[in-house]
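Side chains are part of it too, since the values below use all heavy atoms of this structure and drop only hydrogens, waters and symmetry mates. Numbers here simply count residues along the sequence, with the first being 1.
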Amino acid sequence: MIPVVPLFRKISPLLVAFPVICFLVLVLLFVDNIPWMDDLESFFGFLINYTDADSFSEKWRWLLAPNNEHRILFAKLTTLFFYKLTGLLNFRWLIFVAFGCTLVIWLVLYRIFRSMRLPLLAFLPVSLILFQPQYRLTSFWAITALQHLAVTMLILWALYWLANPGRSPWRFVGAILLQMLASFSMSNGLFGWVAGLGVLLVQWRLEGMNYLWRLVVWAGLGVVVILLYFHDFANLQGNESSVSFFLKHPHLVIFGFFTFLGGLFDFFPTLDIFPRSILPTLAGMACIALLFWLFRTTMFHSLWQPSQKPVDRKLNHRRYFFVGAYGFLLVNAVVVAVLRPRFGYEVMLISNYMLYPALLVILLYLDGLSELKDPQRLKKWMTSGIVLGALVWSVMYFHHLPLLAAQQATRQTSVFNQKHNELGFGAIIGSEYAAAIKRWVDTATDKGFYAYPQNTFYAPYEQTLLNPAPPADPALKLLVHEMDAEFRVITENWSLPAGIRDACIVVKSARHTYLFPAENPYFPMHFYLRRRMPNLTARVLKSFMYPDTYQVGILVATSESVDIRYSNQTLIVR
């Protein structure tokens, strides 16, 4: 047993719950009922097609139809559940379900931890590393949240049941059902079959022929499900070209594998990609070395070379789980390293994927707790875990909390642009996708299952923004730099108020009004200290705007007031 100071023992439940509560507060503060990009096809398009379908077979076809390179059954079932319950499509509710998936992941990890009979304080690093905003694009974007988080939850729970089979076959049946749902909920859900195969192989090796039939059933069903998943699957998004990329740039794929696995240590996300990726790459190598050491010194001898000594069944069950969970994460890393570097090396550290390196570090920590026997070594391991968890938690909140606010401002201004210009949810003017988004949103609002949110930062002044512009303020000077795809707008020689909460550039013509969020209110120093800024800067994207001549203004919101004013500056979109 690890010795723990009595005070810490008493407050351990509060310490372990604190990161969870903080993350829940983030969800409450930064999640709006606003779709973005792939959400439109995945949720609006699906729900419209599903409700218009006349037969059960047609409805089932829409449930399983691919969206881009994935099938998203869990996301669609969640959408249908809320639609049947309330008649609405609400993205806040979808993301709350994703938060629930994170809680279930946490619960599975806690069940593994609880079997070790260690003080609760030793579980604190798991809470700190799991409930932090580094993978905000997974936690706060509906389509990615109901893929990555949901599939990881389903697979980990399936692996837990495989690793702890009990005397009844129902856990095995439950694991199969969860794995099948995971398989049709995202492409990497298929990796769970490989992970489960690893669990069953070591069980068969260690516990005998009783597990052979489970191994055969699991492998056979896995082959069938994989074939069904890719049946009539037309959109591979160019993944077939990844082999040629690998042959031309093998070093990027190899380093990408380690960078991906060490992504939790992306402590300098504002640097250029080369210096930024050094620490995660080294950390990924260290994680693999630690994994090899744990496997070589403990798990290999016990799982592949069983002895005649009395068996600690709970320890073996934990080892089975770790084998499967490591397998799932390592297959993920290999596939991402092979398929994604062709989009740019930055993809190895994109927020969407950072759940997996966080889980890898958590698993290594729990594995160490499970294998180390000496109380002093256990105490050092636990202390190191708490220090590392606190460091990661603090760094990620510092870097990503402002980005969450910037994300929210982007979504809220996109609602204004879509609502009043029929273009704003991430599509390019004149594209087929822009026309499809308009059709989906119009149909959804006409049918009454979606309504634009009314709690945006500019909501009380929305009609004012749409009215003709008042006379220009001669004191407001703006610099406009035109580039191929955008205008860069910067305020000049104008005293901005302190404590800016939100700000955006307003561009207005006789027929159209657009909002584009300013960038610098969300820089960490301005965001946290609310100091007076020397200027505002924003990108005005030409691809979102109809050809016209626009007058340029600003909207500045503080905790006390909102200021809207226009300059004499104009810009021309051709």
Colleague: Output, in order, the C-alpha distance, side-chain angles, deciding distance and verdict of side chain to side chain contact (heavy atoms under 4.5 Å, CB included) for L80 and L47.
Modeller: CA-CA 8 Å; L80 274 183; L47 198 52; 4.0 Å; yes
Colleague: What pairs with R488 under salt bridge (charged side-chain N to carboxylate O under 4.0 Å, His left out), at least two apart in sequence or on another chain?
Modeller: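 Expected list: E519.
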Colleague: Taking S567 for the side chain and L476 for the main chain, is one N or O donor matched with an acceptor at less than 3.5 Å?
Modeller: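 No, S567 side chain to L476 backbone: no donor-acceptor pair under 3.5 Å.
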Colleague: I want to check something: taking the side chain as every heavy atom from C-beta on, are F43 and P35 in contact at a cut-off of under 4.5 Å?
Modeller: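 Of all side-chain heavy-atom pairs linking P35 with F43, none is under 4.5 Å.
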Colleague: Quick one: which of Y450, F96, W36 gives a side chain to side chain contact (heavy atoms under 4.5 Å, CB included) with F91?
Modeller: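 Looking at Y450, F96, W36, the match for F91 under the side chain to side chain contact (heavy atoms under 4.5 Å, CB included) is Y450.
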Colleague: Can you tell me how far the OG atom of S414 sits from the CZ atom of F516, to the nearest 0.5 Å?
Modeller: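 Answer rounded to 0.5 Å: 11.0 Å.
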Colleague: Which residues satisfy the ring-ring contact (aromatic ring centres under 6.0 Å, His included) test with F81, sequence neighbours excluded?
Modeller: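 Partners of F81 under the ring-ring contact (aromatic ring centres under 6.0 Å, His included) test: none.
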Colleague: Using the rule ring pair (Phe, Tyr, Trp, His ring centres under 6.0 Å), only one of Y528, W393, F268 pairs with F398; which is it?
Modeller: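 Between F398 and the candidates, ring pair (Phe, Tyr, Trp, His ring centres under 6.0 Å) is satisfied uniquely by Y528.
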Colleague: Can a side-chain donor-acceptor contact be found between T413 and Y458 if the only test is distance below 3.5 angstrom?
Modeller: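 Judged by distance alone, the side chains do not pair up.
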Colleague: Are V441 and Y452 packed together at the side-chain level, in the sense that at least one heavy-atom pair is separated by less than 4.5 angstrom?
Modeller: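 The answer is yes, as the side chains (C-beta and beyond) meet within the 4.5 Å cut-off.
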Colleague: Quick check: do I350 and R340 have side-chain heavy atoms less than 4.5 Å from each other?
Modeller: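 Side-chain contact under 4.5 Å: no.
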Colleague: Enumerate the residue pairs fulfilling salt bridge (Lys or Arg N to Asp or Glu O under 4.0 Å) with a member in residues 262-271, sequence neighbours excluded, ordered by first and then second residue.
Modeller: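 Sorted pair list: D266-R276.
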Colleague: Could you tell me whether the side chain of E486 and the main chain of R539 form a donor-acceptor pair under 3.5 Å?
Modeller: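 A pair under 3.5 Å: no.
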Colleague: Might you work through the side chain to side chain contact (heavy atoms under 4.5 Å, CB included) test for I254 and F258, ending with a clear yes or no?
Modeller: CA-CA 7 Å; I254 294 169; F258 293 109; 4.3 Å; yes
Colleague: Which residues satisfy the side-chain hydrogen bond (donor to acceptor under 3.5 Å, both in side chains) test with N352, sequence neighbours excluded?
Modeller: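 Result, side-chain hydrogen bond (donor to acceptor under 3.5 Å, both in side chains) vs N352: none returned.
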Colleague: Could you check whether F30 and F140 have their ring centres less than 6.0 Å apart?
Modeller: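 Between F30 and F140, which both carry aromatic rings, the centre distance is not below 6.0 Å.
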Colleague: Could you tell me which residues satisfy ring-ring contact (aromatic ring centres under 6.0 Å, His included) with Y135, sequence neighbours excluded, listed by chain and number?
Modeller: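 None.
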Colleague: Please work out whether the ring planes of F527 and Y522 are parallel, tilted or perpendicular, with thresholds of 30° and 60°.
Modeller: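 The arrangement is tilted - the two ring planes meet at 30° to 60°.
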Colleague: Answer yes or no: is there a side-chain heavy-atom contact under 4.5 Å between I490 and E492?
Modeller: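 They are not in side-chain contact.
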Colleague: Rounded to the nearest 0.5 Å, what's the gap from OG1 on T443 to CD1 on I48? Could you check?
Modeller: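 Reported to 0.5 Å precision, the distance equals 4.5 Å.
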Colleague: Which residues pass the side-chain hydrogen bond (donor to acceptor under 3.5 Å, both in side chains) test with N520, not counting sequence neighbours?
Modeller: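 Once residues adjacent in sequence are excluded, the partners of N520 under the side-chain hydrogen bond (donor to acceptor under 3.5 Å, both in side chains) criterion are N535.
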Colleague: Under 6.0 Å between ring centres: does that hold for F255 and H251?
Modeller: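 No, ring centres 6.0 Å or more apart.
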Colleague: Any sub-3.5 Å donor-acceptor pair from Q132's side-chain atoms to G389's backbone N or O?
Modeller: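 Flag not set: sc Q132 to bb G389 has no pair under 3.5 Å.
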Colleague: Which heavy atom of S127 sits nearest a heavy atom of V20, and at what distance?
Modeller: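 Here S127 and V20 meet closest at OG-CG2, 4.5 Å.
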Colleague: Nearest heavy-atom pair of N188 and N332: which atoms, and what distance?
Modeller: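 Scanning both residues, the minimum pair turns out to be ND2-OD1, 3.2 Å.
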Colleague: Please give me the minimum heavy-atom distance between Q454 and A459, naming the atom from each residue.
Modeller: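 Minimum heavy-atom separation between Q454 and A459: O-CB, 3.3 Å.
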Colleague: Below 4.5 Å, heavy atoms only, C-beta onward: do V392 and F267 meet side chain to side chain?
Modeller: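 Sidechains of F267 and V392: in contact.
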Colleague: Parallel under 30°, tilted from 30 to 60°, perpendicular over 60°: which one fits the rings of F260 and Y356?
Modeller: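 Judged by the thresholds at 30° and 60°, the geometry between F260 and Y356 is parallel.
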Colleague: Can you list the steps and then say if Y550 with V540 is a side chain to side chain contact (heavy atoms under 4.5 Å, CB included)?
Modeller: CA-CA 11 Å; Y550 294 89; V540 176; over 6 Å; no
Colleague: To the closest 0.5 Å, what do you measure between NZ (K542) and CD (E482)?
Modeller: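 One finds 3.5 Å between NZ of K542 and CD of E482.
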Colleague: I'd like to know if the side chain of S185 reaches the main chain of V151, judged simply by a donor and an acceptor atom lying under 3.5 Å from each other, with no hydrogens or angles considered.
Modeller: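 No: the side chain of S185 does not pair with the backbone of V151.
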Colleague: Might you point out which heavy atoms bring I72 and Q147 nearest each other, and give the distance in Å?
Modeller: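 Distance-wise, the nearest heavy atoms are CG2-NE2, 3.1 Å.
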Colleague: Return yes if some donor-acceptor pair links the side-chain N/O of T570 with the main-chain N/O of T549 below 3.5 Å, else return no.
Modeller: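 No.
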Colleague: By the salt bridge (Lys or Arg N to Asp or Glu O under 4.0 Å) test, which pairs, at least two apart or in different chains, include something from residues 399-420?
Modeller: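 Found D32-R411, K419-E462.
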Colleague: Counting only heavy atoms not in F82, do more than 12 fall under 6.0 Å of its CZ?
Modeller: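 More than 12 within 6.0 Å, yes.
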Colleague: Take atom CG in L391; do more than 12 heavy atoms of anything else shown fall under 6.0 Å from it?
Modeller: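 More than 12 within 6.0 Å, yes.
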Colleague: If you count every heavy atom of other residues, nucleotides or ligands that lies below 6.0 Å from Y229 atom OH, does the total exceed 12?
Modeller: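 Yes, because the 6.0 Å sphere around OH of Y229 holds more than 12 heavy atoms from other groups.
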Colleague: Roughly how far, to the nearest 0.5 Å, is CG of L181 from CG of L73?
Modeller: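 If I round to the nearest 0.5 Å, the distance is 5.5 Å.
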Colleague: Considering non-hydrogen atoms only, spot the tightest contact between P19 and L128 and give its length.
Modeller: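 Shortest heavy-atom separation between P19 and L128 comes out as CG-CD2, 3.6 Å.
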Colleague: Output the distance between atom CG (N421) and atom CE (M545), rounded to the nearest 0.5 Å.
Modeller: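 It is 8.5 Å, given to the nearest 0.5 Å.
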Colleague: Filter on salt bridge (Lys or Arg N to Asp or Glu O under 4.0 Å), then keep only pairs touching residues 498-513, sequence neighbours left out; what's left?
Modeller: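 Counting only pairs at least two positions apart or across chains, the salt bridge (Lys or Arg N to Asp or Glu O under 4.0 Å) contacts touching residues 498-513 are R511-D548.
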Colleague: For H512, what residues pass the ring-ring contact (aromatic ring centres under 6.0 Å, His included) criterion, not counting sequence neighbours?
Modeller: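 Applying ring-ring contact (aromatic ring centres under 6.0 Å, His included) to H512 gives Y546.
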Colleague: Under the rule for ring-ring contact (aromatic ring centres under 6.0 Å, His included), what residues qualify as partners of Y50, not counting sequence neighbours?
Modeller: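 Counting only residues at least two positions away or on another chain, Y50 forms a ring-ring contact (aromatic ring centres under 6.0 Å, His included) with F46.
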Colleague: Are any non-hydrogen side-chain atoms of N417 and L423 less than 4.5 angstrom apart?
Modeller: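 Answer no - side chains too far apart.
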Colleague: Using modelled atom types only, decide if a donor and an acceptor are shared between the side chain of D473 and the backbone of A475 within a distance under 3.5 Å.
Modeller: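 Pair found, side chain donor or acceptor close to backbone of A475.
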Colleague: Any non-hydrogen side-chain atom of N568 less than 4.5 Å from a side-chain atom of L478?
Modeller: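 A side-chain contact under 4.5 Å is absent here.
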Colleague: Does T281 have any side-chain hydrogen bond (donor to acceptor under 3.5 Å, both in side chains) partners at least two apart in sequence or in another chain, and if so, which?
Modeller: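 In terms of side-chain hydrogen bond (donor to acceptor under 3.5 Å, both in side chains), with neighbours along the sequence ignored, T281 is linked to T259.
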Colleague: With sequence neighbours excluded, tell me which residues meet side-chain hydrogen bond (donor to acceptor under 3.5 Å, both in side chains) with Q569.
Modeller: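 Partners of Q569 under the side-chain hydrogen bond (donor to acceptor under 3.5 Å, both in side chains) test: none.
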Colleague: Consider only side-chain N and O atoms of H148 and Y353, and report whether a donor and an acceptor are under 3.5 Å apart.
Modeller: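 Note: H148 and Y353 side chains miss the donor-acceptor criterion.
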Colleague: Is any side-chain heavy atom of V31 closer than 4.5 Å to one of F99?
Modeller: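 Answer no - side chains too far apart.
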Colleague: With rounding to the nearest 0.5 Å, note down the distance linking NE2 in H420 to OG1 in T513.
Modeller: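 Between H420 NE2 and T513 OG1, I get 8.5 Å after rounding to 0.5 Å.
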Colleague: Using only atom types and a distance under 3.5 Å, with no angle test, would you say the side chain of D39 pairs donor to acceptor with the backbone of I143?
Modeller: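 Yes; judged by distance alone, with no hydrogens or angles, the pair exists.
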Colleague: So which heavy atom on I129 is nearest to which on A358, and how close?
Modeller: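 Taking every non-hydrogen atom into account, CG2-O, 3.7 Å.
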